[in-house]
Amino acid sequence: MSENTEYSFFGDVCKSFDKAAKFTKWDKGILEQIKACNAVFRMRFPVKMDDGRIEVIEAYRVQHSHHKAPCKGGIRFAAEVNQDEVMALASLMTYKCAIVNVPFGGAKGGIKINPRKYSAYELEKITRRYTSELVKKNFIGPGTDVPAPDYGTGEREMAWIVDTYTTLKPGEIDGLGCVTGKPITQGGVRGRREATGMGVFFGVREVCSNDDVMKNLGLTTGILGKKVIVQGLGNVGYHSGIYFQDAGAKIVGIAEYEGAIYNPEGMDVDEVFQHRKSTGSILNFPGAQNIEKSTAALEMECDILIPAALENVINEENANRIKAKIIGEAANGPITPEADEILNAKGTLVIPDMFLNAGGVTVSYFEWLKNLSHVRYGRLEKRFTENLNSHILSQMEVLSGKQVSPSEREFIMHGPDEISLVHSGLEETMISATREVMETWKSHHNIPDMRTAAYVVAINKVATSYAELGIFP
Ligand code: GLU
């Protein structure tokens, strides 16, 4: 959204916050402190482009909450970036981290550029200069503020950030922990790339395993056979789609900015991805119907809709036409508060962004811990556990006189390596967070929807933490 319209994304987040705050016991002052953005850094810096022209780049880093250190949140590259949007996204990070018990304050960064319009060399210069600006103002560091990927950024940009930071801060022993989402060779952790999509899947699966909730929606329990539409085939949308597909769901629709495709019989996410890669467009996928207007795909027949691109795609205008019974918010803020009201009145179940897409930051937390401990997960215990399991198994075979099959042997012996630990840590986190939000929702009869329940959980955790710090006696 552009800055000169009346619309405020941060205003929307505050509205949802206020709606939930009524269900908590905290006094007005504490609530105001939680809601406010603690620090906003707006910068402009010049970068020389490949053709010799100098462009002035507009960028932001917002630290929403210092109730825990460091602050944490991604950096997005998008032409629509503005201060209001970064403030809203930084606030969502605070609440998200609180719900999944990741001990960070919320932050977000944004650079107002369309990355498709720049060469790799120009993007590198912009990213490195942005990092230097953050260093100058102490807005980055393993103990202060730790960025990560977001819309329009990925491992490559994170590698530039860590390289710039460690160059400017030689000898800082925990320097690698200044940013997460790095390539493995630069201190990244296995499992970060698929983390958000996988977390979305775990969260939706947990909701779908609740008999009462599914009965109310007129759906059968479980993911098997559910019809799913995914909007956005970027990192989050692609991986969510893959996990739903692997669990037996049918991916009936996929939308991207150039258009959408629909096939009621289901499509293979990987094949669609390859098709887009080779033809440059999602359209004309064999067996699927083309939908020229990308947003129209959101309104097609399905059980579960996964908006995994940008904010506000479901608004007052189209909310009434959404047919999905469940919407899993993989993107940040895909539904406006007005649309939320319409969907709730219709009985659509919205699983809110605020914890559903927390898989990314959860695994970022694991990456940061790995950087601070300077050791890969599983390095110490993997071999030990395998030897022990092998010994236990042999003893059982001797005592029982029977042998397990080779595939079972392999499974039982397998010691914890990094990817298994990260995936199981993520699964545990998403299941517990989803249950906590659902229990809060169930236990307060007046809480109207799951988003409000999620805010209540977040507010209670952040407020408790402030109270325990003694800031509010
Ligand atoms: N950008 C992601 C988010 O919005 C990840 C943030 C992080 O890993 O710090 O949650």
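FYI, the numbering just counts along the sequence from 1. Order of appearance sets the numbers: ligands from 1, and atoms from 1 within every ligand. Side chains included, hydrogens not; waters and symmetry mates left out as well; all remaining heavy atoms used.
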**Prompt:** Does the side chain of Lys96 reach to within under 4.5 Å of the side chain of Asp353, using non-hydrogen atoms?
**Reply:** no
**Prompt:** Which is it for Phe244 and His239 under the ring pair (Phe, Tyr, Trp, His ring centres under 6.0 Å) test, yes or no, and what are the steps along the way?
**Reply:** CA-CA 9 Å; Phe244 275 105; His239 285 109; over 10 Å; no
**Request:** Examine ligand 1 and decide if any of its atoms is less than 4.0 Å from a heavy atom belonging to Arg76.
**Result:** no
**Prompt:** Within the structure, does Asn357 bring an N/O atom to less than 3.5 angstrom of an N/O atom in ligand 1?
**Reply:** no
**Fill in**
Tested for side chain to side chain contact (heavy atoms under 4.5 Å, CB included) against Thr362, the lone hit among Thr196, Thr429, Val422 is Thr429
**Prompt:** Looking at Gly74, which atoms of ligand 1 are within less than 4.0 Å of one of its heavy atoms?
**Reply:** 1 (N), 6 (C)
**Asked** When you look for heavy atoms under 4.0 Å from ligand 1, do you find them on the side chain of Pro149, its backbone, both, or neither?
**Response** backbone
**Request:** State whether a side-chain donor-acceptor pair under 3.5 Å links Tyr60 with Asn82.
**Result:** no
**Asked** Quick one: does Met93 get an N or O within less than 3.5 Å of an N or O on ligand 1?
**Response** no
**Asked** In the protein, which heavy atom is nearest to atom 8 (O) of ligand 1, and how far is it?
**Response** Ser364 OG, 2.5 Å
**Item:** ligand 1 versus Arg192: contacting region, heavy-atom distance under 4.0 Å
**Value:** side chain
**Item:** Pro103 side chain reached by Tyr365 side chain, heavy atoms, under 4.5 Å
**Value:** yes
**Message:** Checking a contact table here: which protein heavy atom is nearest atom 7 (C) of ligand 1, and how many Å away?
**Reply:** Ala148 CB, 3.2 Å
**Asked** Are side-chain heavy atoms of Thr180 and Lys72 found at a separation under 4.5 Å?
**Response** yes
**Request:** Below 4.0 angstrom from a heavy atom of Gly73, which ligand 1 atoms are there? Numbered from 1 as shown, please.
**Result:** 9 (O)
**Request:** Would you mind reporting whether Lys15 and Glu338 have side-chain heavy atoms less than 4.5 Å apart?
**Result:** yes
**Item:** Closest protein heavy atom (residue, atom, distance) for atom 9 (O) of ligand 1
**Value:** Lys72 NZ, 2.8 Å
**Message:** Is a donor from one side chain sitting under 3.5 angstrom from an acceptor on the other, for Asp12 and Tyr7?
**Reply:** yes
**Prompt:** Side chain, backbone, both or neither: which part of Asn332 comes within less than 4.0 Å of ligand 1 when only heavy atoms are counted?
**Reply:** side chain
**Request:** List for me each residue that meets salt bridge (charged side-chain N to carboxylate O under 4.0 Å, His left out) alongside Glu55, sequence neighbours excluded, and say none if there are none.
**Result:** Arg53
**Item:** Numbered atoms of ligand 1 (with element) below 4.0 Å of Gly360, judged on heavy atoms
**Value:** 8 (O)
**Prompt:** How close does the nearest protein non-hydrogen atom get to atom 3 (C) of ligand 1, and which residue and atom is it?
**Reply:** Lys96 NZ, 3.4 Å
**Fill in**
atom 4 (O) of ligand 1 has as its nearest protein heavy atom Lys108 NZ, 2.9 Å
